[in-house]
Q: 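Can you keep this structure in mind? I'll have questions shortly.
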Amino acid sequence: MDFELQYTDDQSSARAGLITTDHGQIETPIFMPVGTQGAVKAVHMTELENDIQAQIILGNTYHLYLRPGLDILKQAGGLHRFNSWNKPILTDSGGFQVFSLAHNRKLTEEGAIFRSHIDGSKHIFTPEYVMDIERTIGADIMMAFDECTPGDADYTYAKKSLDLTERWLDRCIKRFNETECEYGYKQALFPIVQGCVYPDLRRRAAENVASKGADGNAIGGLAVGEPTEKMYEMIEVVNEILPKDKPRYLMGVGTPANILEAIERGVDMFDCIMPTRNGRNGQLFTRNGIMNMRNQKWAKDFSAIEENGASFVDTLYTKAYLRHLFITNEILALQIASIHNLAFYLWLVKEARQHIIAGDFLSWKRMMIENVSRRL
């Protein structure tokens with residue numbers, strides 16, 4: 001994997017770059033739709049590629065390990081062939097899912113012992129095994145196995161957790177270097193910076209990660225309950241240390257405003273379930289604000305979902321029709337909303353890139369944050 005830093009903003013840390021993988025190129029800043037179980041919910045691949053214009057999607061190591069399982073993925077020739085997505089894929093390590101199974105898992109030096117949320121069966125994720133799983137899935141970008149600490153963790157716990165994550169990282173790198181992709185193309189490994197909301201732990205973690213010389217680096221353990229301003233502070237602390245010539249991936253974030261704030265602070269890559277999850281619940285993000293499509297106010301509004309929107313659904317359907325679909329529990333509502341929100345997120349980061357290149361990112365960003373945060 002290669003990364004070319006193409007433009008930097010004179011007034012902030014915002015950047016525009018180009019990632020090159022064996023499955024294609026990715027222009028940054030970029031948002032990555034989440035395909036937890038090998039599919040982006042309610043959206044098929046041609047819509048992702050042609051209408052939404054996604055350049056890379058995510059798969060989830062924990063979920064794909066449980067279903068369909070490694071045997072089927074290997075027989076299929078990896079996730080790209082299994083789900084018919086021929087562009088880049090990133091897989092998380094399963095660390096966040098294990099974190100979310102707090103009552104059904106136990107952390108040891110060896111790894112994380114957990115019970116499946118599907119059938120209660122017992123499993124163990126070690127750093128080495130997670131590398132093997134991600135090799136079998138075949139993602140272009142693999143994430144190191146870590147422990148994701150909750151945003152309200154006390155200092156003692158956060159330090160102990162970081163100690164474990166750093167020991168696990170060394171084991172991930174060793175296993176990664178001992179193995180190769182099973183399908184004949186290159187894979188990259190990103191370490192993850194943890195440290196909760198404590199600046200000294202974040203600095204230590206960032207310095208350790210930077211010393212590994214990886215193809216890219218991730219910032220994890222944010223947007224998990226800590227105040228938003230604390231999240232922005234931690235991004236600044238970490239990005240002062242992470243190498244400028246490698247892509248920076250902020251995991252699991254967030255709202256349109258979160259993304260714009262993080263771009264200003266030097267983040268290149270984002271993922272979040274928010275556009276699809278919130279869309280399925282009737283919430284649409286637009287360049288003029290946020291709409292709840294279940295509200296009565298849209299019942300007789302026969303204007304387009306969003307004039308000059310980023311997707312074909314925006315002008316094909318009206319607000320009144322989309323509200324009707326939600327109120328009557330039609331599956332089409334979930335699809336329209338998911339396509340709209342994902343297309344908007346991809347439009348937003350593309351616009352950010354263009355304004356970074358044009359040299360007016362900050363003024364545009366201030367205007368956009370005010371607009372996208374408004375309730376319509």
Side-chain angles (χ1 to χ4, degrees), residues 1-4 18-26 30 32 35-38 55-95 97-98 110-112 123-146 165-193 208-218 220 243 245-249 251 268-269 271:
M1 195 199 84
D2 294 317
F3 177 65
E4 177 189 354
L18 183 67
I19 298 170
T20 301
T21 76
D22 285 354
H23 281 99
Q25 293 185 321
I26 305 156
I30 192 64
M32 303 178 284
T36 301
Q37 301 185 87
Q55 300 176 46
I56 175 174
I57 64 173
L58 265 68
N60 183 276
T61 295
Y62 166 85
H63 288 282
L64 291 169
Y65 161 77
L66 291 175
R67 292 186 300 197
L70 301 184
D71 288 344
I72 289 176
L73 285 167
K74 185 176 290 190
Q75 290 178 45
L79 184 57
H80 289 91
R81 291 188 177 180
F82 189 56
N83 70 359
S84 301
W85 176 255
N86 296 317
K87 290 179 178 290
I89 294 176
L90 181 150
T91 41
D92 63 14
S93 67
Q97 282 64 43
V98 172
E110 182 62 16
H123 305 267
I124 180 168
F125 273 7
T126 66
E128 294 81 6
Y129 190 36
V130 168
M131 293 298 94
D132 295 345
I133 295 169
E134 293 190 78
R135 287 292 197 193
T136 298
I137 294 171
D140 300 88
I141 301 173
M142 301 164 43
M143 306 306 298
F145 190 53
D146 63 334
T165 287
E166 291 185 338
R167 293 192 296 272
W168 282 358
L169 174 59
D170 290 337
R171 290 165 57 188
C172 285
I173 292 172
K174 183 175 185 293
R175 185 58 155 236
F176 179 80
N177 290 335
E178 292 170 347
T179 58
E180 294 182 353
C181 177
E182 300 180 28
Y183 312 112
Y185 52 83
K186 296 293 185 182
Q187 294 176 276
L189 175 64
F190 282 22
I192 302 173
V193 176
N208 180 62
V209 161
S211 73
K212 305 302 181 184
D215 288 320
N217 301 294
D245 62 345
K246 303 292 177 66
R248 301 159 174 165
Y249 163 33
M251 305 179 73
D268 307 297
M269 304 169 69
D271 80 286

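All heavy atoms count here, side chains included; hydrogens, waters and symmetry mates do not.
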Q: With E166 as reference, evaluate V209, D146, N208 under the side-chain contact (heavy atoms from CB on, under 4.5 Å) test and give the passing residue.
A: N208
Q: Given Y185 and D140, is the side-chain hydrogen bond (donor to acceptor under 3.5 Å, both in side chains) satisfied, shown in steps?
A: CA-CA 8 Å; Y185 52 83; D140 300 88; 5.8 Å; no
Q: In chain order, what residues pass the side chain to side chain contact (heavy atoms under 4.5 Å, CB included) check against N60, with sequence neighbours excluded?
A: T36, Y62, H63, D92, Q97
Q: Checking side chain to side chain contact (heavy atoms under 4.5 Å, CB included) for the pair D271/Y249: CA distance, chi angles, key distance, verdict?
A: CA-CA 9 Å; D271 80 286; Y249 163 33; 2.7 Å; yes
Q: Name the one of M251, M269, M142 that satisfies side-chain contact (heavy atoms from CB on, under 4.5 Å) with L90?
A: M269
Q: If I take atom CD1 from residue I30 and atom CD1 from residue I19, how far apart are they, to the nearest 0.5 angstrom?
A: 8.5 Å
Q: Would you give the length of the straight line joining atom CZ of F190 to atom CD1 of I141, rounded to the nearest 0.5 angstrom?
A: 4.0 Å
Q: If I take atom CD1 from residue I26 and atom CZ from residue F3, how far apart are they, to the nearest 0.5 angstrom?
A: 10.5 Å
Q: Can you pull the salt bridge (charged side-chain N to carboxylate O under 4.0 Å, His left out) pairs that have at least one residue in residues 169-179, sequence neighbours excluded?
A: E110-R171, E128-R171, D132-R175, D170-K212, K174-E178
Q: State, yes or no, whether a side-chain contact exists between Y65 and V130 at a heavy-atom distance under 4.5 Å.
A: no
Q: Give, for atom CD of Q187 and atom OG1 of T91, the distance between the pair rounded to the nearest 0.5 Å.
A: 7.5 Å
Q: For this output row, return yes or no: ring centroids of Y183 and H80 closer than 6.0 angstrom.
A: no
Q: Less than 4.5 Å apart, side chain to side chain, heavy atoms only: is that true for F125 and I133?
A: yes
Q: Is it true that S93 and E134 share a donor-acceptor pair across their side chains at a distance under 3.5 Å?
A: no
Q: Which residues satisfy the side-chain hydrogen bond (donor to acceptor under 3.5 Å, both in side chains) test with T20, sequence neighbours excluded?
A: Q25
Q: Is it the case that the side chain of R81 and the backbone of L73 share a donor-acceptor pair, with hydrogens and angles ignored and the cut-off at 3.5 Å?
A: no
Q: Mark yes when over 12 heavy atoms from residues, nucleotides or ligands other than E180 sit less than 6.0 Å from its CD; otherwise mark no.
A: no
Q: Tell me whether the count of non-hydrogen atoms from other residues, nucleotides or ligands lying under 6.0 Å of CZ in R167 goes above 12.
A: yes
Q: At what distance, to the nearest 0.5 angstrom, does CD1 of I89 lie from OG1 of T21?
A: 10.0 Å
Q: Quick check for you: to the nearest 0.5 Å, what is the distance between K186 atom NZ and D215 atom CG?
A: 10.5 Å
